[in-house]
Number of protein chains: 2
Amino acid sequence: MLSAAIQDYLKVIYKVHREAGKVTTSALAERLSVSSASVTNMIKKLAEMRLVKHTPYKQVVLTPAGEKIALEILRHHRLLELYLAEVMGYSWDQVHDEAEKLEHVISEEFEERMSAALGHPSVDPHGHPIPSTDGKITTTDHGRLSDLPSGSHAVVRRVDDRDADCLRYLEQRGLVLNARVEVIRREPFNGPVVVKVGSDEHHLGLEVARRVFVEKTAPGAGEPVSAS
Amino acid sequence: MLSAAIQDYLKVIYKVHREAGKVTTSALAERLSVSSASVTNMIKKLAEMRLVKHTPYKQVVLTPAGEKIALEILRHHRLLELYLAEVMGYSWDQVHDEAEKLEHVISEEFEERMSAALGHPSVDPHGHPIPSTDGKITTTDHGRLSDLPSGSHAVVRRVDDRDADCLRYLEQRGLVLNARVEVIRREPFNGPVVVKVGSDEHHLGLEVARRVFVEKTAPGAGEPVSAS
DNA sequence: TTCTAAGTTTAGCCTCGGCTAAATATACCC
DNA sequence: GGGTATATTTAGCCGAGGCTAAACTTAGAA
Ligand SMILES: [Mn+2]
Ligand SMILES: [Mn+2]
Ligand SMILES: [Mn+2]
Ligand SMILES: [Mn+2]
């Protein structure tokens with residue numbers, strides 16, 4: 001069995017690749033809260049194990065074998081998050097940290113029982129897709145709330161899951177999955193985005209608005225289409 | 001946070017102390033599947049941390065601080081076993097290995113939610129007592145089925161939880177928690193114990209009978225008192 | 001085209017928790 | 001009470017996964 005450290009590296013390489021296109025030593029160092037030297041070290045080891053391809057000073061890319069493992073861990077993580085939320089009653093800001101530890105130790109049995117108990121779900125509590133057992137994943141690219149022009153109507157489809165404080169802040173303002181939002185206006189000089197959620201208006205800093213991913217809708221549309 | 005290795009050492013020291021009275025280097029080495037030298041090494045470290053008292057060449061004893069941690073891990077383990085069995089549908093032979101890994105990574109939040117979901121239980125699927133949050137544990141000393149004289153009537157109250165094959169074997173023969181058994185006879189020369197469970201007779205090797213702990217009852221007694 | 005700042009790798013070190021082989025202490029037998 | 005088997009500890013080693021400081025690449029500015 002691969003160590004928790006290796007599993008985390010592969011998972012983060014996969015995620016940085018999705019988010020930034022290119023995977024660099026320093027990006028991994030930052031995401032893993034580890035020094036660049038440590039990353040180089042581990043990348044050399046992963047390259048020897050044929051889990052990544054490394055072009056020194058340039059970038060690192062997952063091999064098919066590496067991606068398979070990354071998706072397996074991602075499946076663990078997201079099933080766990082949903083199980084903790086739906087079955088055990090965690091709030092969406094608590095699930096990430098717990099899943100981060102559990103993802104490395106659960107058995108295939110545990111994974112399968114969670115999936116069955118949840119009706120073989122396809123989306124986690126933050127709107128991230130859950131890879132299938134055989135490593136398939138259907139990614140939908142959504143824009144950021146921070147990039148919408150004023151007057152836009154949209155539905156929240158995904159939120160960044162790593163900052164618990166931010167998640168609590170969003171939930172308090174009704175910015176949960178599948179919530180409808182309207183961009184009232186955008187203050188200049190990178191000022192806040194003013195949005196309407198239900199009948200309330202909120203002034204969201206760009207920091208926060210960048211972590212909310214949305215699907216645009218027609219202004220007068222009815223109920224938003226549920227992701228499930 | 002203490003490492004998983006340290007947590008396992010403390011837990012095993014506690015269990016060996018309960019079962020054998022005296023805790024020796026070699027007993028720990030065997031139970032932890034580790035060399036004696038490794039045990040000595042770790043014990044020295046635990047002694048420096050004031051979690052055990054070590055009398056070289058003699059024995060090791062938990063300090064109050066060490067026992068507190070041991071009981072905390074034991075609580076995790078036993079709550080997990082029960083949760084896996086009751087909520088997730090595991091059989092009693094599957095729960096130990098999974099709990100052995102999870103016990104080191106779950107949060108207090110997870111522990112509390114499991115306990116609540118199970119109605120704050122006091123016994124795990126194998127009949128072991130679950131320590132309370134504040135480190136209290138009520139141990140009942142039961143005799144072994146292998147030690148009962150022929151003609152005895154008894155109720156199964158606890159089984160050794162480490163050997164999955166043995167647990168499946170016992171379950172198939174109806175030797176589950178709270179089952180009534182009668183010792184029909186004992187074959188000489190350390191031969192098998194012949195027991196009656198329900199209307200079936202089974203010939204149990206001493207190996208197996210030693211792992212079943214029972215409470216004696218009167219021959220004609222009615223329903224056994226449930227442990228819950 | 002050359003210089004320099006930022007990014008990356010290398011070198012050397014550390015802790016943790018294992019291991020084997022050798023030394024030493026204890027206990028038991030005669 | 002001495003000799004020996006067994007248990008335990010010590011000594012020295014290893015791999016995993018971190019770290020800092022120094023060396024080296026790369027790319028952008030002048
Ligand atoms: Mn992780
Ligand atoms: Mn998530
Ligand atoms: Mn364990
Ligand atoms: Mn148990």
Side-chain angles (χ1 to χ4, degrees), chain A residues 1-14 16-17 19-62 65-66 69-70 73 100-101 103-105, chain B residues 1-17 19-62 66 69-70 73 100-101 103-105:
Chain A
M1 187 49 23
L2 298 171
S3 69
I6 289 178
Q7 293 179 0
D8 273 338
Y9 270 90
L10 294 173
K11 187 185 67 175
V12 170
I13 291 168
Y14 178 88
V16 169
H17 177 71
E19 293 164 21
K22 192 180 164 203
V23 182
T24 64
T25 301
S26 45
L28 295 177
E30 206 225 305
R31 284 287 282 264
L32 289 159
S33 302
V34 133
S35 74
S36 288
S38 298
V39 171
T40 301
N41 209 42
M42 180 60 94
I43 291 302
K44 266 167 59 180
K45 183 171 156 186
L46 295 177
E48 275 166 26
M49 297 170 83
R50 307 277 160 188
L51 297 173
V52 305
K53 179 91 199 312
H54 186 207
T55 316
Y57 291 101
K58 301 289 187 182
Q59 61 171 350
V60 27
V61 181
L62 288 175
I69 295 161
I73 301 304
E100 197 65 39
K101 296 176 297 174
E103 64 188 4
H104 307 294
V105 299
Chain B
M1 190 48 25
L2 298 171
S3 70
I6 289 178
Q7 293 179 358
D8 273 336
Y9 271 90
L10 294 173
K11 186 184 65 175
V12 170
I13 291 167
Y14 179 89
K15 294 215 276 183
V16 169
H17 177 71
E19 292 164 21
K22 193 181 164 201
V23 181
T24 64
T25 300
S26 45
L28 295 177
E30 206 226 305
R31 284 287 283 264
L32 290 160
S33 302
V34 132
S35 73
S36 288
S38 299
V39 172
T40 301
N41 209 40
M42 179 61 94
I43 292 301
K44 265 168 57 181
K45 184 171 158 185
L46 295 177
E48 276 167 24
M49 298 170 82
R50 309 277 162 185
L51 297 173
V52 304
K53 179 90 199 310
H54 186 208
T55 318
Y57 291 100
K58 300 291 185 182
Q59 62 172 348
V60 27
V61 182
L62 288 174
I69 295 162
I73 302 303
E100 197 64 38
K101 296 176 299 173
E103 64 188 5
H104 307 293
V105 300

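Below, chains carry the letters A, B, ... as their sequence lines are ordered, and counting in each starts from 1. Computation of the quantities below employed the complete heavy-atom set of this structure, encompassing side-chain atoms and omitting hydrogens, waters and symmetry-equivalent molecules.
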Q. Taking only N and O in the side chain of B:His54, is any of them less than 4.0 Å away from OP1 or OP2 of D:dT9?
A. yes
Q: Return the nearest nucleotide to the side chain of A:Val34; candidates are D:dG18, C:dT10, C:dG18.
A: D:dG18
(Q) Regarding B:Thr40, tell me which of base, sugar-phosphate or nothing describes its non-hydrogen contacts under 4.0 Å with the strands shown. (A) base
Q) Mapping A:Met42 and A:Pro56 to their closest nucleotides on DNA chain D, which lands nearer the 5' end? A) A:Met42
Q. For B:Ile73, does its backbone N or O pair with a side-chain atom of B:Gln7 as donor and acceptor, under 3.5 Å?
A. no
Q) So, does A:Lys101 use its side chain to make a donor-acceptor pair with the main chain of B:Val105 at under 3.5 Å? A) yes
(Q) Can you measure A:Tyr57 atom OH to D:dT26 atom C1' for me and round it to whole angstrom units? (A) 9 Å
Q. Which part of the nucleic acid, if any, lies within reach of B:Val39 when heavy atoms closer than 4.0 Å are counted: base, sugar-phosphate only, or nothing?
A. nothing
Q: Name the residue closer to the 5' end of DNA chain D, choosing between A:Ala4 and B:Thr55 according to the nucleotide with the nearest heavy atom.
A: B:Thr55
Q: Starting at atom CG of A:Leu32, determine the distance to atom P of C:dT8, rounded to an integer number of angstrom.
A: 14 Å
Q. Just by distance, do the side chain of B:Thr55 and the backbone of B:Lys58 share a donor-acceptor pair under 3.5 Å?
A. no
Q) Is any side-chain nitrogen or oxygen of B:Tyr9 closer than 4.0 Å to OP1 or OP2 of C:dG18? A) yes
(Q) Check whether A:Gln59 reaches the backbone of A:His54 with its side chain - one donor and one acceptor, N or O, closer than 3.5 Å. (A) no
Q. Looking only at atom types and distance, does a side-chain atom of B:Ser33 sit under 3.5 Å from a main-chain N or O of B:Ala29, one as donor and one as acceptor?
A. no
**Q.** N or O in side chain of B:Lys45 less than 4.0 angstrom from C:dT15 OP1/OP2
**A.** no
Q) Whole-Å distance between D:dG18 C1' and A:Lys44 NZ? A) 15 Å
Q. Over how many whole Å does the gap from A:Ile6 atom CD1 to D:dG18 atom C1' extend?
A. 14 Å
Q: Under 4.0 Å between any heavy atoms, over every strand shown, what does A:Ala5 touch: base, sugar-phosphate, or nothing? Just pick one.
A: sugar-phosphate
Q: For A:Ser36, answer base if it contacts any base atom (sugar-phosphate contacts may also be present), sugar-phosphate if it contacts only those atoms, and nothing otherwise; contact means non-hydrogen atoms under 4.0 Å.
A: base
Q.
Using a heavy-atom cut-off of 4.0 Å across all strands, would you classify B:Ser26 as base, sugar-phosphate, or nothing?
A. sugar-phosphate
Q: Mind calculating the distance between NE2 (A:His104) and C1' (D:dG17) to the nearest angstrom?
A: 14 Å
Q | Phosphate OP1/OP2 of C:dC19: any B:Ser35 side-chain N/O under 4.0 Å | A | yes
Q) Can you tell me how far P of C:dG17 sits from CD1 of B:Ile43, to the nearest Å? A) 13 Å
Q.
Counting only side-chain nitrogens and oxygens, does B:Thr25 get under 4.0 Å of the OP1 or OP2 atom of D:dA7?
A. no
Q. Which part of the nucleic acid does A:Ser38 contact within heavy-atom distance under 4.0 Å: base, sugar-phosphate only, or nothing?
A. base
**Q.** Inter-residue atom distance B:Leu10.CG - B:Met42.CE, 0.5 Å rounding
**A.** 8.5 Å
Q) Taking NZ from A:Lys22 and C1' from D:dA27, how many angstroms apart are they, rounded to a whole number? A) 11 Å
**Q.** Between P of C:dC14 and CG of A:Asn41, the distance in whole Å
**A.** 16 Å
